[in-house]
Amino acid sequence: MRSFKARGGVKLFLMEKGKVVTLEDRVPKIKQQRKQKANRRLIIYLSLFFIMLFLIIYSQSPLSKVSGLTVSGNLHVTDEEVITLSGVTKETSIWRVNEEKAAELIQQHKEIASVEVQRIFPNSVEITIDEFKRIAYIYENGNYYPVMENGKMLSVLDEEDSLPDDAPLMLNWKNGEMVENFIVELIKLPESIIYSISEIHHTPTDIDPYHITMFMNDGYEVSATIRDFSDKMAAYPSIVEQLDPEVKGVINLEVGTFFKPYDTGGEEEEETDESDR
């Protein structure tokens with residue numbers, strides 16, 4: 001593009017294709033472009049101003065306080081316990097909720113394995129709980145003491161709690177060391193086997209002080225010993241598969257493996273071949 005002066009001092013621009021454009025024709029377009037840019041900047045500044053104003057008003061108003069606290073994933077620990085441990089109340093500003101700190105406080109509870117605390121704007125908090133599973137209940141003097149999958153025993157259940165039926169009952173366990181030894185073996189088993197047990201009785205004999213008797217949910221009785229209990233009991237599903245489901249009796253896992261039906265009075269015994277398992 002080349003420029004030159006025409007008559008009257010008007011500066012002309014010669015375009016590539018020979019079209020002549022005066023400066024007066026270009027000035028309005030330039031002014032319009034500048035005005036559009038200025039308007040865009042003004043809109044951006046005003047938007048930022050109103051956003052900041054809204055945030056300031058919101059943070060100082062009751063609307064910013066926690067109005068909704070929800071707890072999920074908990075089975076034995078109550079919502080009230082979890083919320084109290086978190087330190088979050090309906091007077092707490094959503095901006096002051098420290099998710100990591102609240103999670104640390106909640107996880108101090110013995111039954112809680114993991115927890116996630118999440119702020120949901122504008123003013124809600126969601127708490128997701130993962131509890132340790134209860135693998136047994138020790139029954140002693142009319143009280144039930146839960147045993148968790150991490151091997152720890154909890155304090156006695158409250159009286160208003162119903163009879164526990166979500167894990168095996170352990171009865172006649174008076175020796176604390178014996179309990180610990182057995183729990184170490186029990187937690188090695190798959191959950192499917194643990195929860196197939198109804199009752200676990202400590203039945204020591206003169207020959208074997210570690211002897212136990214178990215009653216299964218499928219109607220069988222198991223005679224075993226605490227020593228190497230997990231290794232022998234792990235084969236329980238395959239042992240049952242070899243038996244007639246209509247004939248119940250005692251499965252002996254103490255030395256070798258054999259089955260004694262109830263209706264024979266102990267006169268007949270059916271050995272199960274461990275090599276088949």
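In this chain, residues are counted from 1 in sequence order.
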For this session: Kindly indicate, with the supporting measurements, whether the criterion side chain to side chain contact (heavy atoms under 4.5 Å, CB included) is fulfilled by V88 and I127.
Result: CA-CA 11 Å; V88 179; I127 303 173; over 6 Å; no
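- The two atoms that bring I94 and S124 nearest to each other are CD1-O, 3.5 Å, heavy atoms only.
- For the side-chain contact (heavy atoms from CB on, under 4.5 Å) criterion with M170, the lone passing option out of I200, I212, I135 is I200.
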Exercise. When you look at F229 and Y210, which way does the side chain to side chain contact (heavy atoms under 4.5 Å, CB included) test go after all the steps?
Worked result: CA-CA 10 Å; F229 168 75; Y210 296 92; over 6 Å; no
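- In this structure, I138 CD1 and M153 CE are separated by 5.0 Å, a value rounded to the nearest 0.5 Å.
- Within the 3.5 Å criterion, the main-chain N or O of W173 finds no donor-acceptor partner in the side chain of E140.
- Atom CD1 of I120 and atom CG of L69 lie 11.5 Å apart (nearest 0.5 Å).
- With no hydrogens or angles considered, a side-chain donor-acceptor pair links Y137 and D166 at under 3.5 Å.
- Side chain of E126 to main chain of T70: no donor-acceptor pair is present (N/O by atom type, distance under 3.5 Å, no hydrogens or angles).
- Here the closest heavy-atom approach between residue M178 and residue P209 is recorded as CE-O, 3.7 Å.
- Expressed to the nearest 0.5 Å, how far CD of E99 lies from CD of E116 amounts to 8.5 Å.
- Nearest heavy atoms, P261 versus F259: CG-CE2, 3.6 Å.
- Tested against N74, the residues I112, D130, D79 include a single side-chain contact (heavy atoms from CB on, under 4.5 Å) partner, D79.
- At least one side-chain heavy atom of L253 sits less than 4.5 Å from a side-chain heavy atom of I239.
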For this session: Kindly determine whether V77 and I129 satisfy side chain to side chain contact (heavy atoms under 4.5 Å, CB included), including the steps that lead there.
Result: CA-CA 9 Å; V77 184; I129 298 295; 5.8 Å; no
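- Grouping the Ile, Leu, Val, Met, Phe, Trp and Tyr side chains by contacts below 4.5 angstrom, directly or via other members, places F215 apart from L171.
- Distance alone, capped at 3.5 Å, places no donor-acceptor pair between the T84 side chain and the E81 backbone.
- Taking OG of S223 as the reference point, atom CE of M214 lies at 8.5 Å (rounded to 0.5 Å).
- The side-chain heavy atoms of V125 and T92, taken from C-beta on, include no pair separated by under 4.5 Å.
- Checking side-chain atoms of H201 against main-chain N and O of T203 turns up no donor-acceptor pair under 3.5 Å.
- Closest approach of A136 to A167, counting heavy atoms only: N-CB, 3.6 Å.
- Proximity of a side-chain donor or acceptor of N252 to a complementary backbone N or O of F258 within less than 3.5 Å is not detected.
- The side-chain heavy atoms of Y236 and L189, taken from C-beta on, include no pair separated by under 4.5 Å.
- Y262 places none of its side-chain heavy atoms less than 4.5 Å from the side chain of Y220.
- Linking Ile, Leu, Val, Met, Phe, Trp and Tyr whenever their side-chain heavy atoms come within less than 4.5 Å leaves I207 and V255 in two separate clusters.
- Note on L186 and V222: same hydrophobic cluster, where clusters join Ile, Leu, Val, Met, Phe, Trp and Tyr whose side-chain heavy atoms are under 4.5 Å apart, directly or indirectly.
- Between atom NE2 of residue H109 and atom CG of residue L154 there is a gap of 8.0 Å, rounded to the nearest 0.5 Å.
- Under the 4.5 Å side-chain contact rule for hydrophobic residues, M148 and V184 do not share a cluster.
- Contact check on K248 versus E221 returns no salt bridge, with no Lys/Arg side-chain nitrogen under 4.0 Å from an Asp/Glu carboxylate oxygen.
- Both F182 and I193 are assigned to one and the same hydrophobic cluster, defined by single-linkage of ILVMFWY side chains at heavy-atom distances under 4.5 Å.
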For this session: Verify side chain to side chain contact (heavy atoms under 4.5 Å, CB included) between K65 and E91, making sure each step is shown before the conclusion.
Result: CA-CA 6 Å; K65 293 186 177 182; E91 294 301 316; 3.4 Å; yes
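- Within the 3.5 Å criterion, the main-chain N or O of K133 finds a donor-acceptor partner in the side chain of E149.
- Side-chain atoms of Q107 come within 3.5 Å of backbone N or O of A113 as a donor-acceptor pair.
- A donor-acceptor pair is defined here as one N or O able to donate and one able to accept, closer than 3.5 Å; such a pair exists between the side chain of N217 and the backbone of Y195.
- Not one N or O on the side chain of D228 forms a donor-acceptor pair closer than 3.5 Å with the backbone of D231.
- Side chains of K110 and K152 form no contact here, defined as non-hydrogen atoms less than 4.5 Å apart.
- Between H211 and H202, the shortest heavy-atom distance links the atoms O-CD2, 3.3 Å.
- Separating the OG atom in S67 from the NZ atom in K90 is a distance of 7.0 Å, to the nearest 0.5 Å.
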Exercise. Are R134 and E111 close enough, and set up right, to give a salt bridge (charged side-chain N to carboxylate O under 4.0 Å, His left out), and what steps lead you there?
Worked result: CA-CA 9 Å; R134 295 182 179 183; E111 290 196 71; 2.9 Å; yes
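- Of all heavy-atom pairs between L105 and S86, the closest is CD1-O, 3.8 Å.
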